[in-house]
Structures are given as structure tokens and as C-alpha cells.
Amino acid sequence: MFVELMPLLKDRTLLLTIARAGEKVKVNVIPAKANEGEDQALTTPLSYTASPEELDAELGKHLASYVDTHVALGSTLAEAKAEMDAAAKAARQKANPTQAPKTDPAIAKKAEATTSPSTTDATPSLFSAPPQSTEPSASSPGEERKTS
């Protein structure tokens with residue numbers, strides 16, 4: 001019986017109560033909170049009522065199952081808390097970019113140079129002056145041409 005309880009006793013205190021209920025015996029295993037912020041589910045007691053012979057034969061199996069479930073629940077709660085803490089930290093960093101990890105200035109300059117538009121590109125604009133041609137322009141049909 002106590003071998004099965006050892007994984008729980010590693011992290012917390014257990015209260016065992018044994019009472020007679022008619023011709024049967026009632027056994028309660030009540031785990032205490034390990035710390036103040038702990039989830040209440042980890043303090044759910046085990047209560048088992050049976051004849052003394054049944055308790056001798058089966059209590060160890062029931063305690064082992066209870067301890068395994070308790071340890072798995074504690075592990076699952078710890079993992080969920082760690083994931084929520086990581087998600088909250090990522091959200092805070094996304095909301096406050098000043099706390100974002102700093103990059104190497106040389107790398108940032110190189111990235112900026114490759115993403116910024118080049119000033120030598122001739123991108124037409126509605127407000128830019130039309131390109132001036134070096135070739136003589138053809139006269140319009142209404143104009144006379146002077147020939148020499």
C-alpha cells in the first residue's frame with residue numbers, strides 16, 4: 001500500500017482516514033495542496049469502502065491507479081500552464097515591439113537595402129515630367145516643314 005503512495009508523498013502530504021462502516025471499512029486518501037497556487041483538482045480525495053478482505057486484496061491496485069491518474073493530471077496541468085505562459089509572453093512581445101529581440105545593425109541595413117526601391121528605376125508617375133527625347137521631333141500635320 002505505501003509503495004503505491006510514494007510518488008504522491010514525494011510532492012505533498014497525504015491524510016489517511018480509516019473508519020468502520022457497519023461490516024465494511026471505509027478508507028480515505030486525501031492529498032494536501034503542495035502550494036497555494038495549485039489547482040484544486042490535485043486535492044481530490046480517494047474514498048474506498050469494502051470488506052477487510054477486499055481491502056487487503058484490492059486497495060493496492062486502486063491506490064496505484066489513483067496515484068497514476070493524479071501524477072498524470074499534475075503533469076498535464078503543468079504543461080498547459082507552461083503553454084499558456086509562453087503564449088502570453090509571445091502576445092506581450094508582439095504587442096510591445098520595443099521588447100522584441102534586437103538584431104545585428106549590419107544585417108538590418110543589408111535587409112533594408114535589398115527591400116527598398118532603387119532610385120535608378122524609372123517608374124512612371126502621374127506627376128513626373130515626360131522624358132525628353134534627344135531626337136528631333138516630327139512636326140505636327142498642321143505645321144510646315146522648312147527644307148533647306
Side-chain angles (χ1 to χ4, degrees), residues 1-138 140-141:
M1 176 172 126
F2 293 101
V3 171
E4 283 85 4
L5 292 175
M6 286 305 289
L8 278 183
L9 289 170
K10 179 177 112 179
D11 297 326
R12 67 187 69 249
T13 302
L14 297 174
L15 175 66
L16 297 174
T17 63
I18 303 171
R20 185 174 180 165
E23 293 301 312
K24 296 187 177 193
V25 177
K26 183 174 185 171
V27 177
N28 295 308
V29 178
I30 307 163
K33 276 190 168 188
N35 58 49
E36 284 301 312
E38 186 174 59
D39 193 288
Q40 191 67 26
L42 293 173
T43 60
T44 303
L46 168 70
S47 187
Y48 190 72
T49 304
S51 69
E53 294 80 21
E54 291 172 326
L55 285 173
D56 283 343
E58 298 177 15
L59 184 60
K61 290 185 280 187
H62 289 287
L63 285 175
S65 175
Y66 173 75
V67 169
D68 288 344
T69 302
H70 191 277
V71 169
L73 175 63
S75 175
T76 301
L77 288 172
E79 289 172 12
K81 185 178 182 324
E83 287 176 11
M84 289 188 297
D85 289 345
K89 182 179 178 182
R92 280 192 300 272
Q93 285 180 346
K94 186 176 180 181
N96 191 358
T98 58
Q99 292 180 351
K102 299 193 179 193
T103 58
D104 185 9
I107 294 172
K109 233 180 202 181
K110 183 178 179 183
E112 184 179 307
T114 59
T115 58
S116 65
S118 173
T119 56
T120 60
D121 292 343
T123 306
S125 170
L126 289 175
F127 303 107
S128 64
Q132 295 184 8
S133 175
T134 56
E135 297 179 17
S137 63
S140 59

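Heads up: numbering here begins at 1 and tracks the sequence.
Ser47 and Lys26 get closest at one heavy-atom pair: OG-CE, 3.0 Å. Taking every heavy atom of both residues into account, Pro45 and Pro31 meet most closely at CA-CD, 4.1 Å. Between Val29 and Leu63, the closest heavy-atom pair is CG2-CD2, 3.7 Å.
Here CD1 of Ile30 is found 9.5 Å from CG of Leu14. Values are rounded to the nearest 0.5 Å. For the atom pair Thr49 OG1 and Glu54 CD, the distance stands at 10.5 Å (nearest 0.5 Å). Between the CE atom of Met6 and the NZ atom of Lys10 there is a distance of 10.5 Å, given to the nearest 0.5 Å. For the atom pair CG (Leu15) and OG1 (Thr43), the distance works out to 12.0 Å, reported to the nearest 0.5 Å. One finds the OG1 atom of Thr44 at 6.5 Å from the OH atom of Tyr66 (value rounded to the nearest 0.5 Å). From Leu59, atom CG reaches atom CG of Leu46 across 7.5 Å, with rounding to the nearest 0.5 Å.
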Open item on the list: Set out, in order, the CA-CA distance, both residues' side-chain angles and the distance that settles side chain to side chain contact (heavy atoms under 4.5 Å, CB included) for Glu23 and Ser51, then state yes or no.
Closed with: CA-CA 7 Å; Glu23 293 301 312; Ser51 69; over 6 Å; no
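Looking only at side-chain heavy atoms (C-beta outward), Leu42 and Arg12 come within less than 4.5 Å of each other.
Annotation for Lys33: atom NZ counts as buried by contact number, over 12 foreign heavy atoms lying within 6.0 Å.
Judged by distance alone, with hydrogens and angles left aside, the side-chain atoms of Ser65 form no donor-acceptor pair with the main-chain N or O of Lys61 at under 3.5 Å. The main-chain N or O of Met1 is found under 3.5 Å from a side-chain atom of Glu4 such that the two form a donor-acceptor pair.
In summary, Lys81 and Asp85 engage in a salt bridge, as defined by a charged side-chain N under 4.0 Å from a carboxylate O.
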